[in-house]
Amino acid sequence: MLELSDILSFAAVAALLVMSPGPNGVLIAKTVSLSGRGAGAANVAGFVSAFYLHGLLSIFGISILLTQSATAFFIVKLAGALYLCWLGLQVLRGGRGGGATPGPAAAGRRRRKLGGAFAEGFITNALNPKVSMFYLAAFPQFISPASGGLQALLLVVIHSAINAVWFSLMILFFGYFDRAGARVLFQRVMRGITGAALLGFGGTLAATAF
């Protein structure tokens with residue numbers, strides 16, 4: 001059974017990753033600007049569906065690993081902590097220059113079917129190996145070698161819920177503040193906060209692995 005402290009720690013790490021500026025945020029900004037909030041919500045539904053796909057595949061792979069070697073589990077756990085540190089550095093270094101967050105359409109918004117927006121969100125994350133890498137890095141930090149897949153599935157549910165809440169808030173933000181300058185400033189602030197925090201979490205987890 002997962003302890004409350006483990007759940008809260010995972011939620012904190014997952015929230016930092018979700019809030020870190022990346023392709024999902026750019027996609028939401030573009031979709032809301034061009035196609036409205038409904039299409040943005042369909043993007044988010046696609047994100048969440050892809051997370052469950054990656055999560056189930058990661059659970060299957062980790063379950064095999066746990067049955068093979070406790071040493072291999074330790075190595076994966078340490079590698080996962082180092083990956084979080086690397087991810088924090090990438091967040092701090094990436095995206096300089098503001099990125100290409102689309103502005104509002106000059107001649108009106110382009111409407112499209114919600115199914116297309118859902119597919120766009122799903123494919124963006126289904127083809128993103130960083131999602132599976134996050135699960136492979138995070139799961140060993142918060143579940144015990146003797147635990148079953150249900151504990152890891154709970155972590156996927158938590159990560160997906162945080163993702164849905166955060167990007168729903170972004171949809172509202174971009175809907176009200178439909179200016180490129182506001183989006184760029186917002187992403188720069190979040191990049192600094194999340195990058196530093198991911199480094200801190202990764203360092204702490206690496207220290208506790210020994």
Side-chain angles (χ1 to χ4, degrees), residues 11 13-61 83-84 86-105 109-139 152-153 155-175 177-178 180 182-184 186-188 190-191 194-195 198:
V13 174
L16 290 170
L17 183 66
V18 169
M19 291 187 295
S20 173
N24 287 348
V26 174
L27 179 59
I28 289 293
K30 182 207 71 171
T31 300
V32 174
S33 296
L34 298 180
S35 303
R37 296 178 184 175
N43 276 166
V44 175
F47 297 167
V48 171
S49 298
F51 286 167
Y52 279 102
L53 173 63
H54 280 292
L56 291 174
L57 293 175
S58 298
I59 290 169
F60 180 72
Y83 168 73
L84 293 178
W86 175 84
L87 188 62
L89 289 174
Q90 292 298 107
V91 170
L92 290 173
R93 293 177 56 191
R96 294 176 182 174
T101 306
R109 300 184 173 213
R110 184 178 69 251
R111 301 289 175 180
R112 51 184 182 154
K113 293 182 179 179
L114 297 182
F118 173 88
E120 192 173 37
F122 179 83
I123 293 172
T124 297
N125 285 270
L127 299 181
N128 185 357
K130 289 184 179 180
V131 181
S132 282
M133 288 177 66
F134 168 70
Y135 285 139
L136 289 171
F139 283 169
L153 181 60
L155 299 184
V156 178
V157 172
I158 293 171
H159 182 214
S160 299
I162 293 171
N163 181 277
V165 171
W166 174 251
F167 285 110
S168 295
L169 292 175
M170 285 191 68
I171 290 170
L172 295 176
F173 176 85
F174 291 139
F177 301 97
D178 198 13
R183 291 194 293 268
V184 170
F186 176 75
Q187 290 193 355
R188 285 178 178 173
M190 292 308 305
R191 187 178 299 278
T194 56
L198 281 170

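Here the structure is a predicted model, which means the values were calculated and not measured. As a basis for the values below, the full set of heavy atoms in this structure was taken, side chains included, without hydrogen atoms, waters or symmetry mates. Residues: numbered from 1 along the sequence shown.
Atoms CD1 and CZ, from Ile28 and Phe173 in turn, are 13.5 Å apart once rounded to the nearest 0.5 Å. Here the CD1 atom belonging to Ile123 is positioned 10.0 Å from the CZ atom belonging to Phe118, to the nearest 0.5 angstrom.
Side-chain atoms of Val156 and His54, non-hydrogen and from C-beta on, never get closer than 4.5 Å to each other.
Aromatic ring orientation, Phe47 versus Phe167: perpendicular (interplanar angle above 60°, classes split at 30° and 60°).
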| request: Verify side chain to side chain contact (heavy atoms under 4.5 Å, CB included) between Thr31 and Glu120, making sure each step is shown before the conclusion. | output: CA-CA 10 Å; Thr31 300; Glu120 192 173 37; 4.0 Å; yes

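Residues satisfying the side-chain contact (heavy atoms from CB on, under 4.5 Å) criterion with Ala11, sequence neighbours excluded, are Ile158, Ile162.
Closest approach of Val32 to Gly40, counting heavy atoms only: CG2-CA, 4.3 Å. Across Ala42 and Ala117, no two heavy atoms sit closer than the pair CB-CB, 3.7 Å.
Checked against Asn125 for a side-chain hydrogen bond (donor to acceptor under 3.5 Å, both in side chains), the options Asn24, Asn43, Asn163 give a single hit: Asn24.
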